[in-house]
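Single-structure report; data block below.
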Amino acid sequence: MKNRIVSIIARALPEVMAEARLDPLPLPPVEVEATRDPAHGDYATNLAMILSARLKRNPRQIARTICDRLQDEESILAKVEIAGPGFINFFLREEVWKTELQRIEAMGERYGCSDAGGGRRVQVEFVSANPTGPLHIGHARGAVVGDVLANILRAAGYEVYREYYVNDAGNQMFNLGRSVLYRYRELLGRLAAFPETCYQGEYIRAIAAEILSRDGESYLDRPEEEVVPVFTDYAATVILRGIKEDLAAFGVVFDGYFSERELYRDDGVAKLLRRLEEGGHIYGEDGARWFRTTAFGDEKDRVVVRQNGETTYFAADIAYHKNKFERGFSWVIDVWGADHHGYLPRMSAGVQALGYPPESLRVVLVQLVNLLRGGKPVAMSTRSGEFVTLREVVDEVGRDAARYNFLMRRTDSHLDFDLEVAKEQSNENPVYYVQYAHARIAGILRLAAERGMEVPRYEEVETGLLVLSEEMALIKALSRFPELVAGAAAALEPHRLTFFANELAALFHSYYNKYKVISDDPALSRARLFLIEALRIVLKNNLHLLGVSAPDRM
RNA sequence: GCGCCUGUAGCUCAGUUGGAUAGAGCAACGGACUUCUAAUCCGUGGGUCGAGAGUUCGAAUCCCUCCAGGCGUACCA
């Protein structure tokens, strides 16, 4: 819709420029915005004010000139006005808006999708929690944000791949295996004290018990360095399986899990280091090998090979990102907890040193969730074993409510999650407001069907009967959905969808309370049924992108 | 110290990438169920957009300086 306005203006522009005796090139970009206030029409452009600086003429005068040259070939405009300091306001004919209802009918569950992304292959990496314990609530926000971003990007025409990076190499994993081993010994009465540095959670005991019942006491007297890897592998497998189950219960399913070990098996890290050496990005100092990340804007250089000869996590991570690009993803999005933000400059340096443009890696920083219980902060750490698991939250609050909650704020805004409040207020959660709108519509459609009225086809509808301001407001709001999805994808801002869903629901609830859809007037009933069916489709599509169900009854 | 994020109504937050008179929800107060679902709706009150200076036709939005809170600042992952 917006584009049609833009092209009308663009057609008139050369003539305006010629008249002002100005070199028509470069033409200023035509910016058209949906207005906030209906009194300002449907769309507005500030073009005249932009031009006034260049033409050194009164903006209202320029606006006048532009308006006189406009050629509305498809006759979509009802009125064009010059307002305020020089805005040009466009009022579309109501019939034009109503044709959007036909598009909704035709596209159905695909309404909202676009080809803005042009099929570009993008990878979204998120969660990527170490498999040293179950996912807790701190992981939940990133999980939903990544999942919904992937949904939105797919709808916006990208080819999306969701990936979980499994950090199954390194000290933490060794520590995990050791923790299980000590619990195993403890079960057999062969451990004096469980070390504080080990993972304290109950789940470690459970895993130890599993190993005991499977393999018996055979590990008891064998040397630690021989036994720990067995325990590590077993524990990591069990924990990762649990993580996948918890994510699935939360509605998050990955296309692939990428193992850090795989990177070492394929010699990926060594290859990466050679590549960096050849590029002249590496130097030696203090017995370690350093990557000159400062050449790409980092505040200090970073070690990639330690004094003891081991590569760092950072080295592996660059190799991992290299691998992503080599798999054909031209755009890579990482969803990180905000506590990792300091890591961004060096990761970007890695990408650039490999010859990829900086914008090929986008990092979405998700601010940490402040967990409260009854207003009091809850201390959490995986090691201490004190945490509220993702599974508990899903079970207590519900998947829909939990997801919606995490999507109601910008990702870079801090979020308080109070367990008591989430539980107590679950019936007042905004998600129910939106779902209720969907259920109410479904209810009306059911009743209509009982009375022998099916949702009509567009050709059978006299859209001219939809004359109420509430109806026009609804139709215009629905029409915004495709642009909204594309905009949310471009900005990587999933929260826009929850706000839009709320807005649609509010418009509907208000309309519902004021007017009847099914009435004695068959033609009017048909028109309104058609309208609310279009609304139902958009609500459902919106909720679907959020990974939230759209119930027919509540 | 330095870096990143945040600061908007009593509370929790939006604000379409610089637009016109700054908006929702909750809380407060007053109303609406014999009706297609009241998990809803209608109305009222509520603002120095953290502070100050700057950029321009125009600033919550951009630049600079402060203030406050959060996070980060490893040869850990």
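This structure is a prediction, so every number in the text was calculated from the model and none was measured. Naming: A, B, ... by sequence-line order, numbering from 1 per chain. Below, each value reflects all heavy atoms present in this structure, side chains not excepted, and no hydrogens, waters or symmetry copies.
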>> Taking any heavy-atom pair under 4.0 Å as a contact, classify A:H414: base, sugar-phosphate, or nothing.
In response: base
>> Quick check, does A:H40 stack with B:A20? I mean ring centres under 5.5 Å and planes off by under 30°.
In response: yes
> What interatomic distance, in whole Å, is found between P of B:C49 and the corresponding atom of B:U61?
Replying inline: 10 Å
>> What is the separation between atom OH on A:Y511 and atom C1' on B:A38, rounded to the nearest whole Å?
In response: 19 Å
> How far, in whole Å, is B:C26 from B:A39 if one measures between their P atoms?
Replying inline: 14 Å
>> Categorize A:A316 for me: base, sugar-phosphate, or nothing, with a 4.0 angstrom heavy-atom threshold over every strand shown.
In response: nothing
>> Does the structure show A:F87 stacking with B:A20, if we require the centres to be closer than 5.5 Å and the planes to be within less than 30 degrees of parallel?
In response: yes
> Between A:N513 (CG) and B:G31 (P), how many Å, whole number?
Replying inline: 18 Å
> What is the distance from OH of A:Y343 to C1' of B:A77, rounded to the nearest Å?
Replying inline: 8 Å
> Mind checking the P distance from B:A9 to B:U37? Whole angstroms is fine.
Replying inline: 39 Å
> Can you tell me how far P in B:G23 sits from the matching atom in B:U40, rounded to whole Å?
Replying inline: 24 Å
> Between A:R306 and B:A77, does any side-chain N or O lie under 4.0 Å from OP1 or OP2?
Replying inline: yes
> Quantified in whole Å, what is the C1' atom distance between nucleotide B:G10 and nucleotide B:C5?
Replying inline: 25 Å
> CG of A:D520: more than 12 outside heavy atoms within 6.0 angstrom?
Replying inline: no
>> Between A:D42 and A:K476, does any NZ, NE, NH1 or NH2 come within less than 4.0 Å of an OD or OE carboxylate oxygen?
In response: yes
>> Cation-pi check for A:Y512 against A:R440: NZ or CZ below 6.0 Å from the six-membered ring centre and within 45 degrees of the axis, yes or no?
In response: yes
